[in-house]
There are 2 protein chains.
Amino acid sequence: MSSQQRPGEHGEDAITEEEMAGTTMPAPAAEPSKRPNAFTELMAPKKPKPPTHTTAAPKPHSRAPVFAGRDGLGAYTASPQSYGPDRIVYHNEHFVVINDLYPKSSVHLLLLSRNTRKQLLHPFDAFEDAAFLAACRAEAAKVKKLVAAELRRKHGAYSASEKARRDAMDANDPPDTDGLPAGRDWESEVKTGVHAHPSMDHLHVHVLARDMHSPCMRHRKHYNSFNTPFLVPLEDLPLAPNDVRRHARYLDEDLVCWRCGRNFGKSFAKLKEHLEGEFEAWRKE
Amino acid sequence: MSSQQRPGEHGEDAITEEEMAGTTMPAPAAEPSKRPNAFTELMAPKKPKPPTHTTAAPKPHSRAPVFAGRDGLGAYTASPQSYGPDRIVYHNEHFVVINDLYPKSSVHLLLLSRNTRKQLLHPFDAFEDAAFLAACRAEAAKVKKLVAAELRRKHGAYSASEKARRDAMDANDPPDTDGLPAGRDWESEVKTGVHAHPSMDHLHVHVLARDMHSPCMRHRKHYNSFNTPFLVPLEDLPLAPNDVRRHARYLDEDLVCWRCGRNFGKSFAKLKEHLEGEFEAWRKE
DNA sequence: TATTCCGATAGTGAC
DNA sequence: GTCACTATCGGAATGAG
């Protein structure tokens with residue numbers, strides 16, 4: 001019945017460093033349907049298409065330490081300049097922000113710390129340090145605004161709550177951002193946190209939309225890792241010594257729709273189909 | 001790495017009714033490498049290729065009762081004349097012998113009874129009738145000779161025990177069958193029996209080589225159904241009332257090579273690979 | 001819990 | 001156990017020279 005789709009190159013539709021122009025602050029949100037650019041909706045990949053067999057991004061030309069398998073994220077903090085703007089969203093002295101190579105939502109960034117004292121600690125341990133935690137929270141807040149801006153760019157044209165802002169945009173071009181209606185609160189659609197048991201050894205904070213709409217969202221564990229207490233918000237850290245999330249298992253639990261609460265048991269295929277409809281409704285809010 | 005093979009039509013390499021010429025007795029064995037005919041090794045199918053979606057053989061042109069699913073074998077005994085010689089090996093008033101549509105060994109026939117009083121009974125019940133059992137045993141003995149003859153035709157050229165017979169054949173052509181050396185005892189390579197819990201409702205006796213070498217041999221239950229007490233030899237019938245085979249489960253047991261006894265656990269893929277080598281060695285005996 | 005490949009396991013539907 | 005189809009579940013390897 002369904003024909004196999006040839007996947008496009010991965011990351012075509014992601015935030016780029018060019019857009020950020022090397023700054024550490026989010027650029028003003030690009031508005032939908034105004035200026036076609038690298039963000040423009042192209043042929044979104046129907047299947048994940050990583051560059052090679054390794055989880056890590058393609059190695060740059062150096063012969064420095066090899067980052068493979070669980071160390072795959074190390075390459076980004078070691079030499080962010082070696083990667084293209086479709087991989088690196090921005091970087092500064094302390095952080096590197098990348099597009100997740102296998103995004104599990106329509107927008108999915110990773111905040112990586114370049115602090116070599118913390119980088120390889122378990123997040124629960126790394127964030128026992130209050131100063132480090134505060135710095136990461138501050139940076140994560142910026143990343144959250146970035147993700148919100150990208151959500152507006154990608155989905156704003158479909159959103160009812162964006163209509164007044166959209167109409168104002170259309171009325172005065174180039175727009176005066178300050179005078180615009182606030183529009184939809186996209187930040188409230190963004191989740192920020194760490195996995196209770198990360199598979200990648202380098203510290204990474206997920207900052208992603210809650211839609212769970214992505215061709216890379218393909219397994220129950222993918223879904224549950226962002227929709228159960230397995231995802232620990234930065235605000236909850238440091239964890240109390242007896243916090244159940246230190247040891248509890250969440251990934252094998254039933255699949256429950258994040259939007260309507262319906263339980264799909266172990267049937268990922270059914271949930272996946274359902275999420276298509278939820279996504280359409282969600283972006284129309 | 002491995003290229004997909006386009007499967008040939010199923011049954012090209014099976015015993016045909018033409019060869020039997022409508023008789024109820026096995027024809028003299030066709031000798032290998034002498035007369036190319038329907039038995040000649042052609043492009044043996046690498047993957048099973050049944051005619052349609054249904055388990056039953058292709059329906060003839062009648063609009064008589066539909067035989068599908070578990071009733072699929074009924075069509076053969078109801079109207080054997082409707083099928084081609086590649087499907088029907090021979091038929092007479094009381095029996096129909098067919099090539100199994102999904103042979104699990106290099107030669108695999110089914111003996112079907114046309115007795116409508118017995119046809120739909122469980123084999124353990126049908127064979128409580130001593131006269132019926134005797135008739136089926138007698139016919140099965142004929143079928144066993146047929147299978148043995150086919151094994152000689154297909155594998156004789158590779159067999160060391162056949163050499164003297166082969167050389168004699170080559171010396172006087174056309175051959176005088178009576179004066180030939182006996183050659184390999186192919187009948188000892190043939191198994192005859194019924195499944196303890198058949199999936200097809202019409203009574204059928206399996207008569208097949210023990211090599212288990214066939215592209216249709218694809219699952220653990222396939223293998224164990226012929227290589228555990230799940231296969232009940234006709235000689236063991238009728239079963240004692242307390243015989244464990246009436247209720248025991250055998251199909252989920254570990255896979256054990258019929259030839260060397262090696263245990264492959266639940267790994268069908270490993271057994272399958274192993275059987276390739278065993279088949280080559282076996283036919284060279 | 002990184003992905004990918006392969007394979008084992010499980011339920012369904014066939015008319 | 002008839003098949004075929006889909007999907008879930010389970011382990012092992014994974015870079016690079």
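Numbered from 1 within each chain, the chains take letters A, B, ... in sequence-line order.
Judged by distance alone, the side chain of A:Ser214 and the main-chain N or O of A:Cys216 form a donor-acceptor pair under 3.5 Å. Side-chain atoms of A:Asn99 come within 3.5 Å of backbone atoms of A:Asp86 as a donor-acceptor pair (strictly under, hydrogens ignored).
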Discussion item. Apply ring pair (Phe, Tyr, Trp, His ring centres under 6.0 Å) to residues A:Tyr83 and A:Tyr76 and explain how you reach the verdict.
Written reply: CA-CA 8 Å; A:Tyr83 295 90; A:Tyr76 296 112; 4.8 Å; yes
Item to complete: Using the salt bridge (Lys or Arg N to Asp or Glu O under 4.0 Å) rule, take A:Asp236 and A:Arg245 through it: C-alpha gap first, then chi angles, then the decisive distance, then the call.
Response: CA-CA 11 Å; A:Asp236 294 9; A:Arg245 289 173 287 185; 2.7 Å; yes
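Nearest to the side-chain atoms of A:His206 among the listed nucleotides D:dG15, C:dA2, C:dT4 stands C:dA2. The A:Val66 side chain lies nearest to D:dG15 when the options are C:dT4, D:dC3, D:dG15. The side chain of B:Ser199 sits closest to D:dT2 out of C:dT4, D:dC3, D:dT2. Taking the side chain of B:Ala68 as heavy atoms from C-beta on, and the options C:dT3, C:dA2, C:dC15, the nearest nucleotide is C:dC15.
Under 3.5 Å, the side chains of A:Gln119 and A:Thr77 contain a donor-acceptor pair of N or O atoms. Inspection of the A:Arg218 and A:Tyr102 side chains reveals no N or O donor paired with an N or O acceptor under 3.5 Å. Using a 3.5 Å distance cut-off with no hydrogens or angles, the side chains of B:Gln81 and B:His91 do not pair a donor with an acceptor.
Near-neighbour residues of DNA chain D inside residues 223-241 of chain A, defined by a heavy atom below 4.0 Å, are absent.
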Polar atoms only, N or O, under 3.5 Å: list the protein pairs with nucleotides 8-12 of chain D and their distances.
{"unit_1": "D:dT8", "atom_1": "OP1", "unit_2": "A:Phe268", "atom_2": "N", "d": "2.7"}
{"unit_1": "D:dT8", "atom_1": "OP1", "unit_2": "A:Ala269", "atom_2": "N", "d": "2.7"}
{"unit_1": "D:dC9", "atom_1": "OP1", "unit_2": "A:Arg220", "atom_2": "NH2", "d": "3.1"}
{"unit_1": "D:dC9", "atom_1": "OP2", "unit_2": "A:Arg220", "atom_2": "NH2", "d": "2.2"}

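Look at A:His222 and you won't find any side-chain N or O under 4.0 angstrom from OP1 or OP2 of C:dA2.
Under the rule for a side chain to side chain donor-acceptor pair (under 3.5 Å), the partners of B:Asp211 that lie at least two apart in sequence or sit in another chain are B:Ser106. Shown here are the ring-ring contact (aromatic ring centres under 6.0 Å, His included) partners of B:His204, two or more places apart in sequence or in another chain: B:His206. For B:Ala126, the side-chain contact (heavy atoms from CB on, under 4.5 Å) test picks out B:Lys118, B:Leu121, B:Phe132, B:Leu203, with sequence neighbours left out.
Straight-line distance from the CZ atom of B:Arg218 to the C1' atom of D:dA4: 8 Å, rounded to whole Å. To the nearest angstrom, P of C:dT9 lies 14 Å from CD of B:Glu253. In this entry the distance linking CG of B:Leu203 with P of D:dT2 reads 13 Å, nearest Å. A straight line from CE of A:Met217 to P of C:dA2 spans 14 Å, rounded to a whole angstrom. Here the C1' atom of nucleotide C:dA2 and the CG atom of A:Leu101 are 9 Å apart, to the nearest Å. One atom, CE of A:Met200, and another, C1' of C:dA2, lie 5 Å apart when rounded to the nearest Å. Between B:Asp201 atom CG and C:dC15 atom C1' the separation is 13 Å, expressed in whole Å. For B:Phe67 and C:dA14, the CZ to C1' distance is 16 Å, given to the nearest whole Å.
Counting non-hydrogen atoms under 4.0 angstrom, B:Lys104 reaches the backbone sugars and phosphates but no base. Within the nucleic acid shown, A:His204 comes within 4.0 Å of sugar-phosphate atoms alone, with no base atom in reach, counting heavy atoms only. Within 4.0 Å (heavy atoms only), B:His219 reaches no atom of the nucleic acid at all. As judged by a 4.0 angstrom heavy-atom cut-off over every strand, B:His197 is placed among the base-contacting residues.
In this structure, A:Met217 and A:Ser105 have side chains that are not in contact, with every pair of non-hydrogen atoms separated by 4.5 Å or more.
Taking the six-membered ring for Trp, B:His108 and B:Phe226 have ring centres closer than 6.0 Å.
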Fill in: Dot-bracket pairing map - DNA chain D, Watson-Crick plus G-U, both contacts under 3.5 Å, | cross-strand
.|||||||||||||...
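The same atom, C1', is picked in C:dA2 and in D:dG17; the two are 24 Å apart, to the nearest Å.
Atoms CH2 and CE, from B:Trp258 and B:Met212 in turn, are 8.5 Å apart once rounded to the nearest 0.5 Å.
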